[in-house]
Enquirer: 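So that we are looking at the same thing, I have put the structure below in structure tokens.
Note on naming: letters A, B, ... go to the chains in the order of the sequence lines (proteins, then strands), and numbering restarts at 1 for each one. Excluded from the calculations below are hydrogen atoms, water molecules and symmetry mates; all remaining heavy atoms, backbone and side chain alike, are included.
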Amino acid sequence: MSDLPLNEQMQIRIKKMQELEQMGVDTFGSRFCRTHSSQQIIDNFEQLEGQQTTIAGRVMAIREHGKACFATIADFDGQIQIYVRIDAVGEDQFAQFHLWDIGDIVGVDGEIFRTHRGEVSVKAAKLTFLSKSLRPLPEKWHGLKDVEIRYRRRYLDLIVNPEVKQAFVARSKIIRAIRHYLDNLDFLEVETPTLHHIAGGAAARPFITHHNTLDLDLYMRIALELHLKRLIVGGMERVYEIGRVFRNEGISIKHNPEFTMLELYQAYSDYNGMMEITENMISAVSKEVLGSDQIEYQGTPISLAAPWRRITMFDAIKEYAGVDFNIIKTDEEARQAAADLSIEFADNASRGDIINLLFEEKVEENLIQPTFVMDYPIEVSPLTKRKKDDPSLTYRFEAFIYGRELANAYSELNDPLDQRQRFERQMEQRAKGDEEANEADEDFLQALEYGMPPTGGLGIGIDRLVMILTDAASIRDVILFPTLRSRE
RNA sequence: GAGCCAUUAGCUCAGCAGGUAGAGCACCUGACUUUUAAUCAGGGUGUCCGGCGUUCGAAUCGCCGAUGGCUCACCA
């Protein structure tokens, strides 16, 4: 305590705490049984008026008024006012009340009533001090605006900015609704390792860690895919996992180094089945959590109602960039088309690379309403089944909302010989310096060699879905403790 | 990783042609038995993000650094 730097307000609070202790009050109390939450009392006032209640929460405001004072108590649901009269609580407790600070945690027994001004309140008969708050809270009116403090000390953000709590309640409901939806489709929720020998299933740089006893470098997973597909091989025909993945890349309004992915795999389905699940599940989740599938994101109305628009990548590029890859067949022609649009590309870029580039540069930002973009080039889809009618393309789609990728899905590549060739090409890319190219996973190949049924697989970025559904501008607004630099 | 912007009281912010810092809320003292951003009368509580420099003098100007935000790069 002595080496804690104390400002004036903290010194005063410690002094008040000591005075309470001298009065025999336990300033860090124990179990306390509540009968109602603040919101229950407010919602059911007609039935509860005149009855006794016991509430508890954090003191958010104190309005002293001589011998009859008011305070606002906040609990998880909301806030409720208490009315503290000297003739109702007695002189001793009234003296204790004057040692309360904003931020203290208290319990109150009393009668539910409505004040002359109409506010539902609790007329205190007994006050129970529960926990002392030694630091002054941010201001009640402007709240806490400093984003750095909001992220670093999220508990303060939660205490003083009520809408923040609502966003995280919504996040919880969204994930619950997804589980509910998938459970009803007989999907089995599973958990797979986060420590991987090979960081596969996506194109991303991994975090590296180390196991001491095994003296083994391990990777934090960048995707769930390869383990879940092993489970499909094992006969778990419908599986999903909602879990954290880690990608050692930049931080932005849309990116956090650790984020939550939903991946699901359904045997005997394909990417068409995955489109149906995606659009039906997201509209159902929106209805369950928000009561509607018509939402507004950052001022733009968005309809999540199924079915969503479906367009091939070629048609999308033709529409938004004016380039027709049905006609352009060679790498040379493709590079020329990119050059004509003043788009920079690598010297050795293939037709497929250029297709992907044009799409990202010219098309993505236009896909505001939910859109499935289908049939990605094989070069950027190393785990996806080839299209029968065009082996340069794959049965893969990505779903876009508000110009952002929200989901990625495909008919899973289950031909182990083709998969081996794809890995070999990825390894060539790695050898050329592409750190994000997939590493060959021999154990996964072996699993495929035992035979995997035709399967549809889907990945959805949960954080981005929550952003869309809660109208959050930044991914940090839907992650309780976003990654920040150390303050030390 | 690069560019731009920000950092002043517990919180929200002013102060910047350089003259050693202010407001509101919070806090302290007093008044008040139905207030609610309670009110009324008093009280300013500070490493002006850190360091170095320019200057008689720096919150203010310059350089270096820290942290955060936005944009770009990378990615989902």
Side-chain angles (χ1 to χ4, degrees), chain A residues 5-13 15-16 60-72 79-89 94 98 101-103 113-121 123 133-153 156-157 159-161 201-206 222-223 245-263 344 360 364 380 398-401 403-408 434-436 459-465 467 473-477 482-488:
Chain A
L6 297 180
N7 63 43
E8 186 197 32
Q9 292 196 42
M10 290 184 71
Q11 289 173 20
I12 290 165
R13 281 166 181 251
K15 193 158 163 262
K16 286 184 179 176
M60 299 304 289
I62 297 174
R63 293 177 290 282
E64 290 200 34
H65 207 277
K67 295 189 175 66
C69 303
F70 297 88
T72 304
Q79 300 191 334
I80 191 162
Q81 173 173 272
I82 63 163
Y83 179 41
V84 183
R85 287 173 62 119
I86 190 167
D87 54 11
V89 297
F94 201 69
H98 280 107
D101 281 306
I102 289 171
F113 78 113
R114 199 193 281 278
T115 64
H116 290 170
R117 295 290 183 91
E119 177 151 350
V120 173
S121 306
K123 186 175 181 179
S133 167
L134 296 179
R135 290 182 184 271
L137 287 177
E139 194 211 339
K140 61 185 170 184
W141 190 245
H142 295 94
L144 179 65
K145 290 188 175 170
D146 183 321
V147 286
E148 187 175 351
I149 301 178
R150 287 187 48 221
Y151 297 150
R152 281 191 198 282
R153 296 193 264 169
L156 284 180
D157 197 25
I159 291 168
V160 300
N161 297 328
R205 290 164 61 188
I222 57 173
V245 298
F246 308 85
R247 298 191 181 176
N248 204 340
E249 282 152 4
I251 294 176
S252 82
I253 205 166
K254 295 180 288 186
H255 301 87
N256 195 62
E258 52 178 310
F259 62 101
T260 302
M261 282 272 287
L262 160 69
E263 288 194 26
E344 288 181 28
E360 287 176 357
E364 277 189 13
V380 294
E398 289 188 342
F400 289 84
I401 298 180
R404 292 180 190 161
E405 183 189 339
L406 189 77
N408 181 20
D434 182 357
E435 289 182 68
E436 294 175 357
I460 293 179
I462 294 297
D463 311 271
R464 289 192 178 172
L465 176 62
M467 284 173 71
S474 169
I475 197 167
R476 295 184 206 92
D477 294 330
T483 305
L484 297 176
R485 277 196 172 82
S486 164
R487 206 66 207 279
E488 302 314 317

Enquirer: G69(B), C70(B), U35(B): which one has an atom nearest the side-chain heavy atoms of Thr115(A)?
Expert: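 Between G69(B), C70(B), U35(B), the one nearest the side chain of Thr115(A) would be U35(B).
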Enquirer: Taking atom C1' of U12(B) as reference, at what distance in whole Å does atom CG of Asn161(A) sit?
Expert: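 To the nearest whole Å, that distance equals 12 Å.
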Enquirer: Applying the 5.5 Å / 30° rule, does His116(A) stack onto the base of U34(B)?
Expert: yes
Enquirer: In terms of side-chain heavy atoms of Lys140(A), which of U35(B), A37(B), G1(B) is nearest?
Expert: A37(B)
Enquirer: Please state the P separation for the pair G44(B) and C28(B) - nearest whole angstrom.
Expert: 16 Å
Enquirer: Give one of base, sugar-phosphate or nothing for Phe259(A), where a contact means two heavy atoms less than 4.0 Å apart.
Expert: base
Enquirer: Would you state whether a donor and an acceptor, one from the side chain of Arg117(A) and one from the base of U36(B), lie under 3.5 Å apart?
Expert: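 It does not, because no donor-acceptor pair links the side chain of Arg117(A) to the base of U36(B) below 3.5 Å.
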Enquirer: On RNA chain B, compare the nucleotides closest to Ser121(A) and Pro136(A); which residue's is nearer the 5' end?
Expert: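 Nearer the 5' end of the strand: Pro136(A).
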Enquirer: Could you tell me whether Asp463(A) contacts a base, only the sugar-phosphate backbone, or nothing, with contacts defined as non-hydrogen atoms closer than 4.0 Å?
Expert: nothing
Enquirer: Specify the residue among Val147(A) and Ile62(A) whose closest nucleotide of RNA chain B lies further upstream toward the 5′ end.
Expert: Ile62(A)
Enquirer: Which whole-number value in Å describes the distance from Asp101(A) CG to A26(B) C1'?
Expert: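 To the nearest whole Å, that distance equals 10 Å.
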Enquirer: Using atom C1' of each nucleotide, how far apart are A23(B) and C48(B) to the nearest Å?
Expert: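 My reading of the C1' atoms in A23(B) and C48(B) gives 16 Å.
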Enquirer: What nucleic acid atoms does Gly459(A) come within less than 4.0 Å of, heavy atoms only: base, sugar-phosphate, or nothing?
Expert: nothing
Enquirer: Looking only at atom C1', what distance separates G53(B) and U60(B), rounded to whole Å?
Expert: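 It comes out at 15 Å once rounded to the nearest Å.
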Enquirer: Can you list the residues that meet the side chain to side chain contact (heavy atoms under 4.5 Å, CB included) rule with Ala203(A), with sequence neighbours excluded?
Expert: Glu436(A)
Enquirer: Between Asn7(A) and Met10(A), is there a donor-acceptor pair closer than 3.5 Å when you use the side chain of the first and the backbone of the second?
Expert: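 Answer holds: yes.
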Enquirer: Of the candidate nucleotides U67(B), U45(B), A37(B), which contains the atom at the shortest distance from the side chain of Arg485(A)?
Expert: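 That would be U67(B).
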Enquirer: So, applying side chain to side chain contact (heavy atoms under 4.5 Å, CB included) with Met467(A), which one of Ile462(A), Ile475(A), Leu406(A) is it?
Expert: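 Option passing the side chain to side chain contact (heavy atoms under 4.5 Å, CB included) with Met467(A): Ile475(A).
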Enquirer: About how many Å separate CZ of Arg152(A) and CD of Glu148(A), when rounded to the nearest 0.5 Å?
Expert: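 Reported to 0.5 Å precision, the distance equals 4.5 Å.
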Enquirer: Mind checking what makes side chain to side chain donor-acceptor pair (under 3.5 Å) contact with Asp157(A), not counting sequence neighbours?
Expert: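 Per chain and number, Asp157(A) pairs via side chain to side chain donor-acceptor pair (under 3.5 Å) with Arg150(A), Arg154(A), Asn161(A).
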Enquirer: Residues in salt bridge (charged side-chain N to carboxylate O under 4.0 Å, His left out) with Glu258(A), at least two apart?
Expert: Arg244(A)
Enquirer: Looking at the side chain of Ala68(A), which of U33(B), U67(B), C11(B) is the nearest nucleotide?
Expert: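 So the side chain of Ala68(A) is nearest to U33(B).
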Enquirer: With rounding to whole Å, what would you report as the distance between U47(B) and C11(B) at their P atoms?
Expert: 11 Å
Enquirer: Look at the side chain of Ile149(A) and decide which nucleotide, out of U34(B), A76(B), C11(B), has an atom nearest to it.
Expert: C11(B)
Enquirer: At 4.0 Å (heavy atoms only), tell me whether Ala202(A) reaches a base, stays on the sugar-phosphate, or touches nothing.
Expert: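 The answer is nothing, as Ala202(A) stays clear of every strand by at least 4.0 Å.
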Enquirer: Look at the aromatic rings of Tyr83(A) and Phe70(A) and report parallel, tilted or perpendicular, splitting at 30° and 60°.
Expert: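 Parallel.
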Enquirer: How long is the line joining CD of Glu364(A) and P of C74(B), in whole Å?
Expert: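 Rounded to the whole Å, the gap is 12 Å.
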Enquirer: Shortest non-hydrogen contact from Cys69(A) to Phe94(A)?
Expert: SG-CZ, 3.9 Å
Enquirer: Heavy atoms only, 4.0 Å cut-off, all strands: where does Glu398(A) land among base, sugar-phosphate and nothing?
Expert: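 Answer is nothing: Glu398(A) stays at 4.0 Å or more from every strand.
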Enquirer: Give me the distance, rounded to whole Å, that separates A37(B) from G42(B) when you measure between the P atoms they each carry.
Expert: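 To the nearest whole Å, 23 Å.
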Enquirer: Side chain of Glu8(A): nearest nucleotide among U45(B), A73(B), U67(B)?
Expert: U45(B)
Enquirer: Taking atom C1' in both U8(B) and G50(B), compute the distance separating them and give it to the nearest angstrom.
Expert: 14 Å
Enquirer: Listed by chain and number, what are the salt bridge (charged side-chain N to carboxylate O under 4.0 Å, His left out) partners of Arg205(A), not counting sequence neighbours?
Expert: Glu435(A)
Enquirer: Okay, side chain of Asp463(A), backbone of Thr260(A): is any donor-acceptor separation there less than 3.5 Å?
Expert: yes
Enquirer: To the nearest Å, give me how far apart CG (Leu484(A)) and C1' (U7(B)) are.
Expert: 15 Å
Enquirer: What contact category does Phe113(A) fall into here, base, sugar-phosphate, or nothing, at under 4.0 angstrom with non-hydrogen atoms?
Expert: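 Base contact - Phe113(A) has a heavy atom under 4.0 Å of at least one base atom.
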Enquirer: Which nucleotide wins on minimum distance to the side chain of Arg464(A), given the candidates A76(B), G69(B), U34(B)?
Expert: A76(B)
Enquirer: According to a strict under-4.0 Å criterion, is Arg85(A) in side-chain N/O contact with OP1 or OP2 of U34(B)?
Expert: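 The answer is no; no side-chain N or O of Arg85(A) sits under 4.0 Å from OP1 or OP2.
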Enquirer: Between U67(B), U33(B), G69(B), spot the one nearest the side chain of Ile86(A), thanks.
Expert: U33(B)
Enquirer: Quick one: stems for RNA chain B, with Watson-Crick or G-U pairs under 3.5 Å, at least three in a row?
Expert: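 If one scans RNA chain B for consecutive Watson-Crick or G-U pairs, the stems found are B:1-7 with B:66-72, B:10-13 with B:22-25, B:27-31 with B:39-43, B:49-53 with B:61-65.
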Enquirer: What is the distance, to the nearest angstrom, from the CZ atom on Arg63(A) to the P atom on A37(B)?
Expert: 8 Å
Enquirer: If I pick the C1' atom on A66(B) and the same atom on A73(B), what distance separates them, to the nearest angstrom?
Expert: 23 Å
Enquirer: Sticking with atom C1', work out how far C16(B) lies from C25(B), rounded to a whole angstrom.
Expert: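 So the two C1' atoms sit 25 Å from each other.
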Enquirer: Taking any heavy-atom pair under 4.0 Å as a contact, classify Asp434(A): base, sugar-phosphate, or nothing.
Expert: nothing
Enquirer: Mind checking if Gly250(A) touches a base, just sugar-phosphate, or nothing, with heavy atoms under 4.0 Å?
Expert: base
Enquirer: From the options A26(B), U34(B), A76(B), select the nucleotide whose nearest atom is closest to the side chain of Gln9(A).
Expert: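 Nearest to the side-chain atoms of Gln9(A), counting from C-beta on, is A26(B).
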Enquirer: Pick base, sugar-phosphate or nothing for Lys16(A), based on heavy-atom distances below 4.0 Å to the nucleic acid.
Expert: sugar-phosphate
Enquirer: Taking CD1 from Ile251(A) and P from C70(B), how many angstroms apart are they, rounded to a whole number?
Expert: 11 Å
Enquirer: What integer distance in Å separates Ile82(A):CD1 from U33(B):C1'?
Expert: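 One finds 15 Å between C1' of U33(B) and CD1 of Ile82(A), rounded.
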Enquirer: Who are the salt bridge (charged side-chain N to carboxylate O under 4.0 Å, His left out) partners of Lys123(A), not counting sequence neighbours?
Expert: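 With sequence neighbours excluded, Lys123(A) shows a salt bridge (charged side-chain N to carboxylate O under 4.0 Å, His left out) to no residue whatsoever.
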Enquirer: Is it the case that U35(B) (base atoms only) and Glu119(A) (side chain only) share a donor and an acceptor within less than 3.5 Å, ignoring hydrogens and angles?
Expert: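 Not at all, since no donor on one side and acceptor on the other fall under 3.5 Å apart.
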Enquirer: With a non-hydrogen cut-off below 4.0 angstrom, is Ile253(A) in contact with a base, only sugar-phosphate, or nothing?
Expert: sugar-phosphate
Enquirer: Give a yes or no on whether the backbone of Lys67(A) and the side-chain of Arg85(A) come within a donor-acceptor separation of less than 3.5 Å.
Expert: no
Enquirer: Could you state the atom-to-atom distance from NZ of Lys15(A) to P of U29(B) in whole Å?
Expert: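 The answer, rounded to whole Å, is 7 Å.
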Enquirer: Mind checking Arg13(A) for me? I need base, sugar-phosphate or nothing, with any heavy atom below 4.0 Å counting as a touch.
Expert: nothing
Enquirer: If you take atom types as modelled and just measure distance, does the side chain of Glu139(A) reach the base of A26(B) with a donor-acceptor pair under 3.5 Å?
Expert: no
Enquirer: In terms of side-chain heavy atoms of Ser252(A), which of U67(B), A73(B), C13(B) is nearest?
Expert: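 Selected nucleotide: A73(B).
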